[in-house]
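Following: one structure in structure tokens, then a few remarks.
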There are 2 protein chains.
Amino acid sequence: MTYKNSFREYLGKHGLKATRQREVILDAFLSAGSHLSTEELYRTIREKNPGIGYATVHRTLKLLAESGLAAQRHFGDGHTRYECSSEEQHHDHLICTVCGTIIEFENPGIERLQEQVAARHGFVIEQHRLEIYGRCAGCLVKKEKKQAI
Amino acid sequence: MTYKNSFREYLGKHGLKATRQREVILDAFLSAGSHLSTEELYRTIREKNPGIGYATVHRTLKLLAESGLAAQRHFGDGHTRYECSSEEQHHDHLICTVCGTIIEFENPGIERLQEQVAARHGFVIEQHRLEIYGRCAGCLVKKEKKQAI
DNA sequence: CATCTTGTTGAAAATGAAAATCATTTTTGT
DNA sequence: ACAAAAATGATTTTCATTTTCAACAAGATG
């Protein structure tokens with residue numbers, strides 16, 4: 001319930017209104033898996049709420065991102081994706097190029113080295129993005145089996 | 001001249017033809033600064049070659065990427081960018097969110113830690129992308145001046 | 001060199017995701 | 001409940017990218 005309340009709080013502070021649609025979209029966003037696109041969430045919501053329009057899903061996801069509840073991610077497929085970002089700290093992604101699985105990870109060592117690199121160039125970091133693309137354990141096994149045949 | 005030849009070689013091997021336009025576009029790509037978008041390269045080329053169309057620039061850049069001479073990059077601005085990738089090894093980017101300056105860097109330490117992270121999750125890395133966004137030295141100075149006034 | 005085949009070109013149209021528009025509806029404070 | 005302000009959802013617009021297609025050029029062949 002904390003999520004709903006913090007969204008309501010954000011809405012209130014910004015003179016925005018708590019509507020049924022926003023609640024439905026927030027619920028769907030929270031219960032669906034992470035890293036989903038507007039299109040995917042829209043389709044999920046449509047199943048139970050045929051009245052909610054694409055534009056509203058799009059706007060609400062942007063709102064969630066602005067409020068800090070969601071984080072936008074851009075992977076390579078041309079779709080903006082959103083993940084729950086609430087209290088968690090920054091994390092990066094391992095992405096399987098075969099099955100599309102996305103794994104989150106954190107690595108303070110990498111972050112520290114990034115700071116060093118930035119400092120060396122006189123940069124002050126605002127944010128960063130690290131994506132590692134490769135084959136996940138499962139897909140590596142499948143590949144071996146395929147070759148064995 | 002090596003670049004031109006290796007592009008010609010690629011074209012030949014794939015049953016494609018070496019045309020005047022492709023030569024012009026390759027030349028422009030090589031002599032222009034790195035990290036340019038199709039639009040930017042198109043405009044540069046137009047100055048001396050008004051006859052070359054946007055679609056041709058776009059197709060040729062894709063060809064260059066396929067041939068390995070260019071590498072596609074996606075930063076946050078919604079434009080696909082291309083950089084010369086020839087013999088250089090992998091590198092990452094520092095991007096100034098104020099002036100748009102892009103600085104390349106390499107950091108073996110970060111790469112090593114990435115390998116560790118991947119191994120921990122059973123991944124085999126194919127490629128990765130690290131972008132650090134922040135304010136460059138120049139823009140930090142400007143900001144200070146602004147505040148001083 | 002002429003001819004033929006095949007790939008290429010450039011203008012224009014199509015595509016697709018994201019964002020904007022606008023008449024109507026809903027929420028909220030009084 | 002009422003008025004003011006914001007939200008909704010269907011549709012349109014935007015913008016980068018990609019495709020289409022008729023005319024053209026490159027390279028092979030006779």
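Chain letters run A, B, ... following the sequence lines, proteins first and then strands; every chain starts at 1. The basis for the numbers below is simple: all heavy atoms, side chains too, and nothing from hydrogens, waters or symmetry mates.
- Residue Gln21(B) places its side chain closer to dG10(C) than to any other of dG9(D), dA20(C), dG10(C).
- At a threshold of 4.0 Å, the pair Arg43(A)-Glu39(A) counts as salt-bridged, since one of the basic side-chain nitrogens sits closer than that to a carboxylate oxygen.
- Rounded to a whole Å, the CD1 atom of Ile52(A) is 12 Å from the C1' atom of dA7(D).
- Using a 4.0 Å heavy-atom distance criterion, Arg22(B) is classed as a sugar-phosphate-only contact.
- The aromatic rings of Phe7(A) and Tyr10(A) lie parallel to each other, their planes meeting at an angle below 30°, with 60° marking the opposite boundary.
- At whole-Å resolution of the value, CD in Glu66(B) and P in dT18(D) are 11 Å apart.
- Using a 4.0 Å heavy-atom criterion, one finds that Arg8(B) contacts no nucleic acid atom at all.
- Between Glu66(B) and His14(B), the closest side-chain pair of non-hydrogen atoms is not below 4.5 Å.
- Using a 4.0 Å cut-off, no side-chain N or O of Thr19(A) falls inside it from OP1 or OP2 of dA6(D).
- Between Asn49(A) atom CG and dA7(D) atom P the separation is 19 Å, expressed in whole Å.
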Atom pairs under 3.5 Å: protein N/O with N/O of nucleotides 11-17 of chain D:
{"unit_1": "dA16(D)", "atom_1": "O3'", "unit_2": "Gly78(B)", "atom_2": "O", "d": "3.4"}
{"unit_1": "dT17(D)", "atom_1": "OP1", "unit_2": "Thr80(B)", "atom_2": "N", "d": "2.8"}
{"unit_1": "dT17(D)", "atom_1": "OP1", "unit_2": "Thr80(B)", "atom_2": "OG1", "d": "2.9"}

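- In this entry the distance linking CG of Leu11(A) with P of dG29(C) reads 12 Å, nearest Å.
- Rounded to whole Å, atom C1' of dT9(C) lies 13 Å from atom OH of Tyr42(B).
- Each of Glu40(B), His35(B), Gln72(B) was evaluated against Arg81(B); a single residue qualifies, Glu40(B), per the side-chain hydrogen bond (donor to acceptor under 3.5 Å, both in side chains) test.
- When only modelled atom types and interatomic distance are considered, Gln21(B) and Thr56(B) share no side-chain donor-acceptor pair under 3.5 Å.
- Ring planes of Phe105(B) and His121(A): tilted class, angle from 30 to 60°.
- The CZ atom of Arg20(B) sits 11 Å away from the C1' atom of dA25(D) (whole-angstrom rounding).
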Legend entry - Full working for side-chain hydrogen bond (donor to acceptor under 3.5 Å, both in side chains) between His128(B) and Gln114(B): CA-CA 9 Å; His128(B) 74 264; Gln114(B) 285 180 25; 3.2 Å; yes
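- For the pair His74(A) NE2 and dA17(C) P, the interatomic distance rounds to 14 Å; values are reported in whole Å.
- Atom CD1 of Ile25(B) and atom P of dG10(C) are 7 Å apart (whole Å).
- Looking at Leu64(A) and Tyr82(A), their side chains never come closer than 4.5 Å, going by heavy atoms from C-beta outward.
- Heavy atoms of Thr56(A) sit under 4.0 angstrom from at least one base atom.
- Across dT8(C), dA7(D), dC22(C), the shortest atom-to-atom separation from the side chain of Arg59(A) is found for dC22(C).
- Residues Glu23(A) and Asp27(A) form a side-chain contact, since some pair of their non-hydrogen atoms from C-beta on lies under 4.5 Å apart.
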Which atoms of nucleotides 2-6 of chain C (N or O only) lie under 3.5 Å from a protein N or O atom, and what are those distances?
{"unit_1": "dT6(C)", "atom_1": "O2", "unit_2": "Lys17(B)", "atom_2": "NZ", "d": "2.4"}

